[in-house]
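In what follows, a structure is listed as structure tokens, so that the remarks can point back to it.
For clarity, every value in this text was computed on a predicted model and none was experimentally measured.
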Amino acid sequence: MSTDPRVPVASARADARREQILEAAESCFREFGFHNASISKICKRAAMSPGHVYHYFENKEAIIEGIVRKKADVILARVESMRTAPDMLDATLGRASESVVEKLDRDFASLDLEILAEACRSPGVARIVSAADDEVRSNFKHVVRSLRRDLGLDDSETTIDAVADMVAALFDGMTVRGVRHPDLRRDEVFGVFAKVLRFLIVDVR
């Protein structure tokens, strides 16, 4: 283990450069689409040379992996805050509203759907997206299992899987719904969403 005081500084600088590239790529993917967002366009938006970008990311697929990783880490942090909250159900419903707001954001939706579209075409991107989803779903299943166990429900793994997948489908659907119906009444939708989420977690037998 290095004791060189410059190591943390260098690591922080590298993290900042990686984030700079990811933000530039996200912007380009939203504006041009994955295939039209060339490395040269990403370099220009990031104000970096191609050699600098390739130092951190081997290709566009690696950049997508970085974006997907960043998105997954945000969700995992929310799930962890649910798991450790004094009132797990209240925290789960509360954090869910944050995710719905995010899912309805136009910029979020355009990037998310672009990545999913590429996952339909590219086996490599499909593996990246699926691996991140598996990690998030596995962590969320711990929350669902704990909540239902507290209610005296001894579920099979099949039931826990189904509940977690339906909750995920509910969130994923909000992204598409926000694009199809951008003027939806959010307050009313949030209220109904919370009731449906509560039903899925608590009342499904």
Same cluster (ILVMFWY, side-chain, under 4.5 Å), [X] and [Y]:
X: V53; Y: V68; value: yes
X: V179; Y: F32; value: no
X: I67; Y: V74; value: no
X: L151; Y: M166; value: yes
X: V136; Y: V101; value: yes

N/O donor to acceptor pairs below 3.5 angstrom from side-chain atoms of residues 196-205, sequence neighbours left out:
from, atom 1, to, atom 2, distance (Å)
R205, NH1, V202, O, 2.8
R205, NH1, D203, O, 3.1

Inset, instruction - Not counting sequence neighbours, list each pair that qualifies as a salt bridge (charged side-chain N to carboxylate O under 4.0 Å, His left out) and has a residue in residues 28-55. - result: E31-R45
[atom1]-[atom2] distance between [X] and [Y], expressed to the nearest 0.5 angstrom:
X: L184; Y: F190; atom1: CG; atom2: CZ; answer: 8.0 Å
X: L76; Y: S138; atom1: CG; atom2: OG; answer: 9.5 Å
X: M82; Y: L93; atom1: CE; atom2: CG; answer: 9.0 Å
X: S99; Y: F108; atom1: OG; atom2: CZ; answer: 8.0 Å
X: R177; Y: T175; atom1: CZ; atom2: OG1; answer: 12.5 Å

Please report the closest heavy-atom contact between [X] and [Y], naming both atoms and the distance.
X: C43; Y: P50; answer: SG-CA, 3.5 Å
X: G178; Y: L104; answer: CA-CD2, 3.6 Å
X: A37; Y: I42; answer: O-CD1, 4.1 Å

Inset, instruction - Using a strict cut-off of less than 4.0 Å between a Lys/Arg side-chain nitrogen and an Asp/Glu carboxylate oxygen, indicate whether R149 and D155 qualify as a salt bridge. - result: no
Inset, instruction - Return each pair, listed once, that meets side chain to side chain donor-acceptor pair (under 3.5 Å) where at least one residue sits in residues 60-73; pairs must be two or more places apart or across chains. - result: E19-K70, E26-K70, R69-D73, R69-E135
Inset, instruction - Would you check if T92 and V144 make a side-chain contact, meaning some heavy-atom pair closer than 4.5 Å? - result: no
Legend entry - Student check: side-chain heavy atoms of I160 and R148 closer than 4.5 Å: yes
Inset, instruction - Could you check R137 against D161 for salt bridge (charged side-chain N to carboxylate O under 4.0 Å, His left out), going step by step and ending with a plain yes or no? - result: CA-CA 8 Å; R137 189 163 53 88; D161 276 336; 3.6 Å; yes
My understanding is that only residues two or more places apart in sequence, or in another chain, count here; which of them pass side chain to side chain donor-acceptor pair (under 3.5 Å) with [X]?
X: K195; value: none
X: E188; value: none
X: S81; value: R95
X: E23; value: none

Inset, instruction - Would you please name every residue forming a side chain to side chain contact (heavy atoms under 4.5 Å, CB included) with S97, sequence neighbours left out? - result: none
Legend entry - For D87, all residues meeting side chain to side chain contact (heavy atoms under 4.5 Å, CB included), sequence neighbours excluded: L89, D90
Inset, instruction - Kindly write out the residues that satisfy ring pair (Phe, Tyr, Trp, His ring centres under 6.0 Å) with F171, not counting sequence neighbours, or none if the list is empty. - result: F193
Inset, instruction - Quick one: which residue pairs count as a ring-ring contact (aromatic ring centres under 6.0 Å, His included) with a foot in residues 42-93, not counting sequence neighbours? - result: H52-Y56
Output a table of donor-acceptor pairs, distance under 3.5 Å, between side-chain atoms of residues 110-128 and any protein atom two or more places apart or on a different chain; print 'none' if there are none.
from, atom 1, to, atom 2, distance (Å)
S110, OG, R106, O, 3.3
S110, OG, D107, O, 2.9
E114, OE2, F34, N, 2.8
E118, OE1, H35, NE2, 2.9
E118, OE1, R121, NE, 3.1
E118, OE1, R121, NH2, 3.0
S122, OG, G124, N, 3.4
S122, OG, V125, N, 3.2

Inset, instruction - Step by step, work out the side-chain contact (heavy atoms from CB on, under 4.5 Å) result for V129 and I64. - result: CA-CA 9 Å; V129 170; I64 279 191; 5.6 Å; no
Legend entry - Test log, rule side-chain contact (heavy atoms from CB on, under 4.5 Å), inputs K103 and D172: CA-CA 8 Å; K103 292 283 188 179; D172 290 343; 3.5 Å; yes
